[in-house]
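Take a look at the structure below.
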Amino acid sequence: MDKEQNVITKRIKVFGMIQGVGFRPLVFRLAEKYEIHGTVRNIGGIVEIIAQAAEDNLSSFLYDLRSNSGDEYEIVHILVEEINENILTEFKIIKSSSDHEVSIIPPDLPVCKKCQNEMDAMENRRYQNPFISCTACGPRYTIIEKLPYDRDHTSMEDFVMCQSCNKEYTDAHSRRFHAQTISCYDCGPYAIMNELKDKDAVKEAVNILNSGGILAVKGIGGYHFVCSPMIEETVLNLRKLKGREEKPFAVMFENIKSIEEYCIVSKEEKDILESKARPIVLLYTKGKSMAEATGKGGIYCGAFLPYTPLQILLTRNLGPLIMTSANLSGKPIIKDDDIILNLKSPYLNGVLYHKRRIVRSVDDSVAKVIDHKPQLIRRSRGYVPYPVFLPKWNKENTDLEIFAAGSDLKAAFCLYKKGSAVVSQYFGDLEELSVLEEYKSSFRDLSSLLQITPDLAICDLHPNYHSAGYAKNLGIPLITVQHHHAHIASVMAEFDLEGPVIGVAFDGTGYGSDGNIWGGEFLICEKSEFKRVAHLQYTPMLGGDTSMADAKKTATCFLLKAGLLPEIQDDRVPIIKGAVENNINTVLSSSMGRLFDAVSSILSICHENRYEGECAAMLEKEAVLALRKGIKPEKVTFALKENNGIIEIDPKPTLKTLCELRNSADKGSLALGFHYGVADVILMVCELIRNKQSVNTVALSGGVFQNTVLSERVLKLLREKGFLVYVNMAVPPNDGCISLGQTYIGLRKNG
Amino acid sequence: MKIDMAYGSGGKQTSNLINDIFLKNFDNAVLAKMEDSAVLKVNGKIAYTTDSFVVTPIFFRGGDIGKVAVCGTVNDLLMMGAIPKYLTAGFIIEEGADMETIDQIAQSMSQAAREAKVKIVAGDTKVIEGKGGVYINTSGIGEIKTNGISISNCRKGDVILLSGNLGEHHAAIMSHRMGIENTIQSDCAPLRSMVKNLLDNNIKVHCMRDVTRGGLATVLNEVSKSSSCGVEIYEDSLPVSVQVRGFCDILGLDPLYMANEGKMIAVIPKSQAKKALAIMQKSRYGSNAAIIGKIVEGSGVIMTTALKGSRIIDILYGEGLPRIC
Ligand SMILES: [Fe+3]
Ligand SMILES: [Mg+2]
Ligand SMILES: [Zn+2]
Ligand SMILES: [Zn+2]
């Protein structure tokens with residue numbers, strides 16, 4: 001072969017999740033394989049390869065690069081151009097340069113198979129090492145201080161590599177070639193418990209947990225409180241430690257087999273459980289049960305698999321463990337050693353930790369399977385800060401950089417630059433000051449990490465949102481976006497839809513353009529605009545956040561409006577009635593979430609949301625149990641009327657049926673009937689809109705669609721009638737999606 | 001007997017109204033002269049303020065518009081460290097109002113004035129078309145007893161005292177409007193003796209403020225802004241009666257944002273906190289007084305909640321607007 005003639009040079013730019021996953025070493029090995037000369041380097045978040053070889057070799061090289069994608073790295077986009085270059089004599093990895101390209105920072109990764117095998121191999125020098133990692137696994141986002149991702153830009157800089165590790169680090173054929181998190185028993189980090197180190201520390205922890213104690217264990221994005229889920233007293237103590245926490249606790253299991261003893265696991269659920277993000281997955285419980293205080297009578301168990309070597313060691317020794325974020329009543333997850341070590345509580349029996357600093361805190365993610373597909377409930381560790389790509393906008397809006405503030409509950413902001421929208425980790429409720437501080441400092445942190453200087457801010461319409469207040473104070477141009485419009489726009493962003501779509505946004509509360517409280521909305525959305533075409537009829541409700549949590553009061557308000565007062569037994573009725581009639585501290589609400597609350601209370605299933613969505617979750621539970629038992633749903637219907645061209649959905653017939661039958665009919669058949677009734681009315685309204693506006697695409701979003709029974713039913717009905725239906729995939733349908741939707745609208749308005 | 005437009009004509013009926021109601025009730029030598037202006041003797045610096053009062057209903061448990069009109073202006077003077085001396089009163093009466101109603105209002109004003117040791121020395125009446133409503137404007141003069149008391153005078157480390165239970169006026173008015181029978185009474189009261197006791201006992205008061213419309217949350221935000229400081233309060237320490245608490249829980253109201261008509265805060269050096277609290281608690285209308293917080297570094301108002309969380313207490317926007325999803 002006449003080399004001189006066939007050799008060409010190409011500049012290859014690779015976009016995707018390729019930072020911190022051993023991508024450059026892999027390129028190096030591929031280059032060796034195909035006799036390619038040239039260089040590879042990081043520029044910002046993109047990898048640039050200069051490759052010189054015979055044309056065929058270059059094609060094979062590119063083919064391999066693409067076809068390996070998806071396993072250890074994920075390529076989103078490759079740009080190839082031919083360039084003129086002198087003859088090169090070798091292939092080398094050259095130093096990273098940080099310029100202003102979009103940075104893609106890898107999410108944290110769970111222990112890989114190969115590392116797990118090494119952990120299990122007695123002769124391996126990392127046998128049972130709690131910090132084993134390689135180029136394909138280990139912490140990333142939570143240890144990176146700045147880009148490019150090099151060891152001295154991470155909290156691993158505190159640990160000096162030993163000679164053996166250094167040898168692996170510099171050997172291009174090692175699995176730990178340029179593995180920034182490389183460590184061993186010699187160089188640390190070490191597991192620490194009291195005065196004990198590594199194996200002894202782990203042993204001590206196992207002993208304490210075995211005897212019913214509660215430990216704080218340092219994880220990836222923060223500390224966990226850990227204890228046995230089987231001992232009622234221990235779990236009750238954990239609830240005291242966390243302070244009035246009522247939610248079911250997440251449980252970490254050694255493996256899928258162990259989960260299957262307690263939960264039903266489908267193929268899809270197994271896939272998410274084992275996915276790189278290792279989220280908590282909500283599974284239906286079965287068989288063996290745990291302490292009552294663990295699951296709180298729900299039908300779901302939040303199950304997940306270990307993602308750190310330390311967690312593997314613990315679950316292997318102890319079986320299932322409650323693994324709940326270490327935080328106190330509504331405050332952010334604790335990540336700093338001195339805070340947890342100084343936490344004085346009679347319920348905390350020890351701290352198992354290490355000295356690798358957590359640079360930023362990230363909670364565990366939560367997902368469930370709906371319609372055979374994963375749906376995120378909380379998008380955090382393992383997903384963040386992987387961007388959502390908005391390809392259409394990649395070219396057209398090259399310069400616009402955006403901060404979208406999101407919502408106040410399940411707060412998460414979004415930073416946008418050059419086609420990639422990075423949705424931040426989940427923060428929780430910004431009403432709590434320390435959460436708000438975390439939100440603000442994370443904005444500063446993430447914007448500097450990604451080198452994004454927003455020139456446009458976007459926030460919710462709600463006048464009392466802390467997130468909106470923060471966005472307003474940034475002193476840059478500001479756009480406000482209606483809450484439910486943002487919900488639907490998040491789906492449009494994910495699937496690159498331009499509209500028109502029929503957006504069905506069902507949630508608890510959002511501030512409407514008319515100043516009322518929305519939450520049962522049908523919006524026609526197209527590009528940056530929306531039109532409200534239908535909604536749940538307004539019901540006057542008592543104001544204040546505490547009223548929203550009181551399902552019994554909500555039920556009273558609905559029944560008052562429907563003229564069904566005698567059905568309620570609540571000694572507060574005269575005052576509630578007086579308030580509603582005299583317009584004292586009342587708001588008008590079209591919230592579907594509130595209707596679920598009311599129905600849960602009317603059926604005496606649950607009267608209060610001690611945590612968000614509790615009433616609806618308990619109502620769904622009854623429906624699920626009815627489905628399992630093959631109980632027929634009671635027929636429950638809504639009435640439709642038109643008011644100024646807007647369809648109003650009247651829940652009166654529903655409420656009437658439920659009130660009349662609640663003492664005679666099976667609770668499950670009513671609960672299921674209600675779910676089906678809501679699905680029916682969604683279909684009816686969508687068909688009415690389709691007939692009028694010839695729109696056949698439907699986007700569903702909002703926290704109400706986290707309800708499996710409702711979602712699967714409505715998807716089935718809509719598809720049967722030929723609708724094309726989209727739901728959130730990359731972000732949760734709850735308020736975790738708002739900042740992405742806001743970003744989409746901001747781009748459309750400026751596009 | 002109903003008041004009609006003729007009572008505002010300036011003629012005989014007007015003078016009947018003045019003689020039969022106002023002169024009779026406000027009985028004092030300055031007013032009795034019926035000069036074009038009251039001629040007053042004052043010592044040193046004065047504080048001077050005015051306020052207009054619009055309350056529905058006019059009569060409620062614990063007070064009426066007249067009492068509120070006197071107490072409001074008296075309290076505003078007191079908050080500047082001034083001892084109230086003289087008031088003026090202007091009435092705008094809608095035709096159809098009962099003569100008896102006006103008389104009752106005037107009686108109640110006279111009683112409140114007596115308690116506050118102020119004289120109503122000038123007045124005016126107008127009658128307008130309408131549905132029998134009454135609106136009152138009062139202005140007042142007080143002699144400054146202690147200088148330098150100011151909303152911009154709060155200092156880091158100072159302690160914040162609240163003179164009693166929150167939300168009672170607001171809850172009483174709302175109960176009335178809703179037609180609800182309960183035992184909640186408006187707290188409407190003049191705070192003369194409380195303020196005088198504090199000053200007479202050499203409490204170095206940095207700032208006083210009556211807690212009225214907008215509630216404690218609004219007042220504390222004003223403190224934070226004017227004194228360029230942070231304000232920290234403790235939810236646990238806020239005095240609220242069982243009845244008002246229950247009422248608020250049902251309606252979803254927050255006592256922090258509810259109006260009062262006889263409550264004040266005092267911001268004083270930490271060293272005098274205990275002494276001041278004892279004085280307040282011994283004073284009339286002060287039995288439920290409490291230390292509710294302190295002045296800190298920073299800005300804005302932060303509340304430590306009963307569950308040891310902390311939240312920002314903003315100024316109210318949109319009554320009852322829920323945030324949660
Ligand atoms: Fe929402
Ligand atoms: Mg005033
Ligand atoms: Zn590995
Ligand atoms: Zn080492």
Side-chain angles (χ1 to χ4, degrees), chain A residues 243-244 328-331 407-410 429-436 462-466 469 483 507-511 515 517 519 541-550 553 572 574-587 589 591 593 609 612-613 702-703 734-735 738, chain B residues 56-57 167 170-182 184 215 217 230-233 235 243-259 296 298-325:
Chain A
R244 287 234 333 217
L328 310 177
S329 65
K331 299 212 167 171
S407 167
D408 257 28
L409 285 110
K410 305 198 185 301
D429 185 352
L430 300 184
E431 182 74 4
E432 167 56 44
L433 185 65
S434 47
V435 176
L436 180 62
H462 199 301
N464 294 351
Y465 266 13
H466 297 289
H483 188 90
D507 67 356
T509 293
Y511 190 79
I517 301 302
M541 299 225 198
L542 293 174
D545 284 1
T546 50
S547 296
M548 299 297 114
D550 188 333
K553 193 151 85 181
R572 301 173 302 178
I575 300 192
I576 298 172
K577 201 165 174 239
V580 167
E581 282 168 2
N582 293 282
N583 210 7
I584 304 274
N585 201 44
T586 49
V587 291
S589 161
S591 161
N609 287 313
E612 201 207 325
N734 60 41
D735 282 5
I738 294 295
Chain B
T56 327
H170 203 140
I173 295 282
M174 282 189 163
S175 303
H176 234 282
R177 296 211 328 234
M178 288 158 55
I180 300 286
E181 278 302 321
N182 57 27
I184 298 170
V231 170
E232 197 180 299
I233 57 169
E235 189 175 30
Q243 293 91 320
V244 170
R245 172 64 67 199
F247 183 81
C248 289
D249 282 351
I250 300 177
L251 293 183
L253 288 164
D254 187 344
L256 271 177
Y257 292 96
M258 289 167 69
V296 294
S299 65
V301 181
I302 311 287
M303 181 168 80
T304 305
T305 65
L307 296 172
K308 299 291 165 268
S310 46
R311 50 180 270 229
I312 297 173
I313 303 298
D314 259 327
I315 292 174
L316 186 67
Y317 181 97
E319 190 177 66
L321 208 58
R323 220 172 30 83
I324 67 177
C325 196

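Naming: A, B, ... by sequence-line order, numbering from 1 per chain.
A:L542 contributes atom CG, which lies 9.0 Å from atom CD1 of B:I250 (distance to the nearest 0.5 angstrom). Note that the CZ atom of B:R177 and the CG atom of A:N583 stand 9.0 Å from one another [nearest 0.5 Å]. With values rounded to the nearest 0.5 angstrom, A:I584 atom CD1 is found 6.0 Å from B:M178 atom CE. Taking CG of A:L436 as the start and CD1 of B:I312 as the end, the distance is 5.0 Å to the nearest 0.5 Å.
Residues passing the salt bridge (charged side-chain N to carboxylate O under 4.0 Å, His left out) test with A:K577, sequence neighbours excluded: A:E581. The side chain to side chain donor-acceptor pair (under 3.5 Å) search around B:T304 returns none, not counting sequence neighbours.
Residue B:S310 comes nearest to A:S434 through the heavy atom pair OG-N, 4.4 Å, listed as atom of the first residue, atom of the second, then distance. The minimum heavy-atom distance between A:P574 and B:I180, with the atom names listed, is O-CD1, 3.7 Å.
Put simply, the side chain of A:N585 gets close to the backbone of B:G252: a donor and an acceptor are under 3.5 Å apart. When atom types are taken as modelled, the side chain of A:E432 and the backbone of B:R311 share no donor-acceptor pair closer than 3.5 angstrom.
By number of non-hydrogen pairs under 4.5 angstrom with chain B, the leading residue of A:K331, A:K410, A:K553 is A:K553.
Contact annotation for B:D249: only backbone heavy atoms (N, CA, C, O) come within less than 4.5 Å of a heavy atom of chain A. Of the atoms belonging to B:L307, heavy atoms from both backbone and side chain fall under 4.5 Å from chain A.
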